[in-house]
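Here's the structure we're looking at; comments come further down.
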2 protein chains.
Amino acid sequence: MSIQYAILGLLSWQPLTGYDIKKMFSDSTFLYWSGNNNQIYRTLVQLHKSGLVSREIQEQENLPDRKIYSITDKGSKVLRDWVLSEPQVPQLRHPFLIQLAWADQLTDNELENLLNRYQEELEMQLLMVKEQTERKKSFPDRSARENKLWSTISENWIRFYSNELIWLADLRKNLSA
Amino acid sequence: MSIQYAILGLLSWQPLTGYDIKKMFSDSTFLYWSGNNNQIYRTLVQLHKSGLVSREIQEQENLPDRKIYSITDKGSKVLRDWVLSEPQVPQLRHPFLIQLAWADQLTDNELENLLNRYQEELEMQLLMVKEQTERKKSFPDRSARENKLWSTISENWIRFYSNELIWLADLRKNLSA
DNA sequence: GTTGCCATGTAAGGTGTTACATGATTTA
DNA sequence: TAAATCATGTAACACCTTACATGGCAAC
């Protein structure tokens, strides 16, 4: 899946500039792209070319013009079709498991050290996601059902890191047994 | 992280051809690359150029020569350094959450249908990972500690999909409440 | 007689990243 | 006076994927 549907989704709420979108990406965990300029600005141009978004240009003094993008009817339809399309299972890229796979060459101390460092990383991520959920002001509130959906999405990430910590604790137990 | 350390890891067990490696990738969940030719054969050439692997060529009649790659001392060192390097938190690409994020426009029926299809996908994946763990003959057994590490790695994937199913059930409860 | 396995490789393109570039305004 | 924010964009390249190409052998 490419970034374009995520952008269409954001625009389905409100008109935004590329800069706004970029910030929303980097503030959000579940919109998992880095939010780099290259991709966002190019995608917006493409969406505009395909008629899925419209563009209003606001001139500014001493700053580049603001280009405010809005979703079109066609864009809304494409978004809806995508939302109804075949759900994909999450893709997990887990380099740490690959490190572990060949970690038998390490001493017990080195291995323990590795596990400790991984645990720290996880705890940091978990904290970050929790904070994000608290703030969450970057996105507007909507219907009751939408609020449920959104809080369940945050919950998904929190559980992911929590479960990973549980798994890690079990790994320690298993190793020392 | 790129595919090269995974390949070095496989070669740290035994000499292999590109074709062998390709099969191991496509048989394995946690080596999460597609195992396509282009990447594997090119990476092997690069590893060879950098002196991290050596290559023995076995001629065959009527078939392309087998190129059997083995890890070198230098390669073993590089692998070890990588295993000891800073663990990275897993990268989760979860397009379904993005679908859900904009799913408020759907009717209750459409949403339920979407959740059902996602559940089916998850159950299929879970089955596949479990079967893989049962078979698991593609990789040789080693020390007791290594066996622990490997079974914990499989366990990580099984839990991931199981937890996702639990989360999905909770989402249903939450929506109907 | 078609499918799958063995074994190599190439072509083309999609998707994503980091870093570079500009330049005024506000904040610490 | 250094950094962050606003706002656009480009360059270069890393990584990964699907599909194409060859061709013999074995199995069903």
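Convention: sequence-line order gives letters A, B, ...; per-chain numbering from 1. This is a predicted model, so every value here is computed, not measured. For the numbers below, each heavy atom of this structure counts, side chains included, while hydrogens, waters and symmetry mates do not.
- For the pair A:Ile40 CD1 and D:dT8 C1', the interatomic distance rounds to 12 Å; values are reported in whole Å.
- Contact between A:Ile68 and A:Pro15 at its shortest, heavy atoms only, is CG2-CB, 3.7 Å.
- Taking atom OH of A:Tyr5 as the reference point, atom C1' of C:dG16 lies 17 Å away to the nearest angstrom.
- Checked for salt-bridge contact, B:Arg80 and A:Glu110 meet the test: a charged N lies under 4.0 Å from a carboxylate O.
- One finds no side-chain N or O of B:Asn36 lying less than 4.0 angstrom from the OP1 or OP2 phosphate oxygen of D:dC16.
- Of the residues near DNA chain C, B:Arg93 and B:Val45, the one whose nearest nucleotide (by heavy atom distance) lies more toward the 5' end is B:Val45.
- Comparing D:dT17, C:dG9, C:dT17 by their nearest atom to the side chain of B:Tyr41 picks out C:dG9.
- The nearest whole Å value for the distance from the CD atom in B:Gln46 to the P atom in D:dC16 is 12 Å.
- Residue A:Gln60 has a polar side-chain atom (N or O) positioned under 4.0 Å from OP1 or OP2 of D:dA7.
- Side-chain N/O atoms of B:Asn37 and base N/O atoms of C:dG9 include a donor-acceptor pair closer than 3.5 Å.
- Nearest heavy atoms, B:Gln99 versus A:Gln88: OE1-N, 4.3 Å.
- Residue A:Thr17 has no polar side-chain atom (N or O) positioned under 4.0 Å from OP1 or OP2 of D:dC6.
- Rounded to an integer number of Å, the gap from A:Arg66 CZ to D:dC6 P is 10 Å.
- A:Lys22 comes within contact range of no nucleotide atom at all, as no heavy-atom separation falls under 4.0 Å.
- In this structure, A:Gln39 reaches the C:dT17 phosphate: one of its side-chain N or O atoms is under 4.0 Å from OP1 or OP2.
- Side-chain N/O atoms of A:Ser34 include one lying less than 4.0 angstrom from OP1 or OP2 on C:dT17.
- The base of D:dT8 is not paired with the side chain of A:Asp65 by any donor and acceptor separated by under 3.5 Å.
- Rounded to a whole Å, the CD atom of B:Glu59 is 14 Å from the C1' atom of C:dT8.
- Taking only side-chain nitrogens and oxygens, B:Ser2 never comes nearer than 4.0 Å to OP1 or OP2 of D:dA14.
- The shortest distance between the side-chain N/O atoms of B:Tyr19 and the OP1/OP2 oxygens of C:dC6 is below 4.0 Å.
- In this structure, A:Pro95 and B:Trp82 approach most closely via the heavy-atom pair O-CH2, 3.9 Å.
- Put simply, CZ on B:Arg42 is 12 Å from P on C:dG9, counting in whole angstrom units.
- Of the possible donor and acceptor atoms, one in the side chain of B:Lys148 sits under 3.5 Å from a partner among the backbone N and O of A:Asn174.
- One interatomic measurement links the two molecules: CG of B:Leu16 to P of C:dC6, which rounds to 14 Å at whole-angstrom precision.
- As a whole-Å value, the separation of A:Phe25 CZ from C:dT18 C1' is 18 Å.
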